[in-house]
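Numbers for residues simply follow the sequence, beginning at 1. Counting convention: from 1, in listed order, for ligands and their atoms alike.
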Amino acid sequence: MPTKSKIPEGYNKDITIATIGSHTALQILKGAKDEGFATLVICTEKNRQVYERFNSADDMEIVKDYKDILSEKFQKKLLEKNVVLIPHGSFVEYVGAKNIEKKLAVPMFGNKGTLDWESDRKKAKVWLTDAGVKAPREFKDPKDIKDLVIVKFPGAKGGRGYFTTFCEEDFSDNLKLCKNPQEYTIQEYVVGTRFYPHYFYSPLTDKVELLSMDIRYESNADGLARTAGQTDVEPTFTVTGNTPVVVRESLLPKILEMGDAVVKSSKKLFAPGLIGPFCIETICKDDLEFVAFEISARIVAGTNLYVQGSPYSQLIYDEPMSTGRRIAREIKIAQNKRMLDRIIY
Ligand code: ATP
């Protein structure tokens, strides 16, 4: 069902940009400041020092639990400050995609309906397939495992708990060690170079911009490459950091086409579709074909590399343009053109 935008009076004049203190908050808040907005960070006592020491926001709200933002009292406080919330990975994880869609009355940048499509692996696959983006093969029956596969669990977040295996027997042995062995996805392990391109779709210009790109650094899969096979430690995929990357220029057409295709498909699957930042998580094989194993329909942590802009954003903008700042820029343009209802839901 299409989500409906409802912008309270007052938002056309003053807006406070707010987010949860985690993930990409430093970049989002800096971008908002650079665009002239008032800023607010919502964080726990534990994380407060990060946002204080980096001087990141004009205002701070401390919560015990991030779900506290759903309370009527807290939402009222945010509405009084004309807050626009910016969702990010931890925001979706801590508050929950369904809660954001159903219980959050505070305006949020983007289409709230998108979050469910990206956080549900089955739906994300429908989306990528509809867009004509190649996905890894999946195997329903462990008997069909004939080559290296990666086994994924719901809500693993950052690849924690995934394992790789190459036959049914080893699969069963590994599964016994898992905490939640019921719901798994067995996926072909695609060998190649990982690229995580960061896009931004503006409904105001109807353009998809490629702002930057990264590769996630994962423990211990990336560390194992340094051991030259001198250990039996199994690879795991816990994200620990991000490294910058650019693709060879001849691959850019494919990367741009993938971005355009998922935006087009999103409008069909969940109108008004994707709004703002997104990332297609891909592996480029040696035949130079891209396989996408995941889509994130919000700002991703790899964009933190580019607070001052990236080799790509510098070609589009003659000023430092992070994804966080690009979000704030979109809000500013929409506010000036009285088109906030196109980007805030
Ligand atoms: P997040 O939700 O934080 O984006 P996640 O828990 O959904 O992450 P994935 O992004 O699906 O995890 O995968 C984690 C990592 O596992 C990837 O970054 C990649 O290194 C590896 N990986 C995932 N799928 C494949 C695949 N099919 N072939 C090879 N490697 C893969």
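- Note: F171 and F163 have tilted aromatic rings, judged against thresholds of 30 and 60 degrees for the angle between ring planes.
- Side-chain atoms of D170 and T165 form a donor-acceptor pair, as typed in the model, at a separation below 3.5 Å.
- Using a 30° and 60° split on the angle between ring planes, W127 and W117 fall in the perpendicular class, above 60°.
- Counting heavy atoms under 4.0 Å from ligand 1, residue F293 touches it through the side chain alone.
- One side chain, N220 or T236, offers a donor N or O that lies under 3.5 Å from an acceptor on the other.
- For ligand 1 and E294, the ligand atoms under 4.0 Å from any heavy atom of the residue are 1 (P), 2 (O), 4 (O), 5 (P), 7 (O), 8 (O), 9 (P), 10 (O), 11 (O), 12 (O).
- One option in F237, F153, Y196, Y162 has a heavy atom closer to atom 13 (O) of ligand 1 than any other, and that option is Y162.
- Using the six-membered ring where Trp is involved, F278 and Y199 have ring planes that are parallel, under 30° apart on the 30 and 60° scheme.
- Considering backbone and side-chain atoms together, K152 places an N or O closer than 3.5 Å to an N or O of ligand 1.
- Set against the non-hydrogen atoms of P136, the atoms of ligand 1 under 4.0 Å away are 27 (N).
- In I283, the part holding a heavy atom less than 4.0 Å from any atom of ligand 1 is the side chain.
- Every atom of ligand 1 with a heavy atom of E188 under 4.0 Å away is listed here by number and element: 26 (C), 27 (N), 28 (N).
- Around atom CD of E169, no more than 12 heavy atoms belonging to other residues, nucleotides or ligands sit under 6.0 Å away.
- Between V190 and ligand 1, an N or O atom pair is found at a separation short of 3.5 Å.
- Atom NZ of K123 sits in a crowded spot, with more than 12 heavy atoms from other residues, nucleotides or ligands closer than 6.0 Å.
- Between R216 and ligand 1, at least one pair of N/O atoms sits closer than 3.5 Å.
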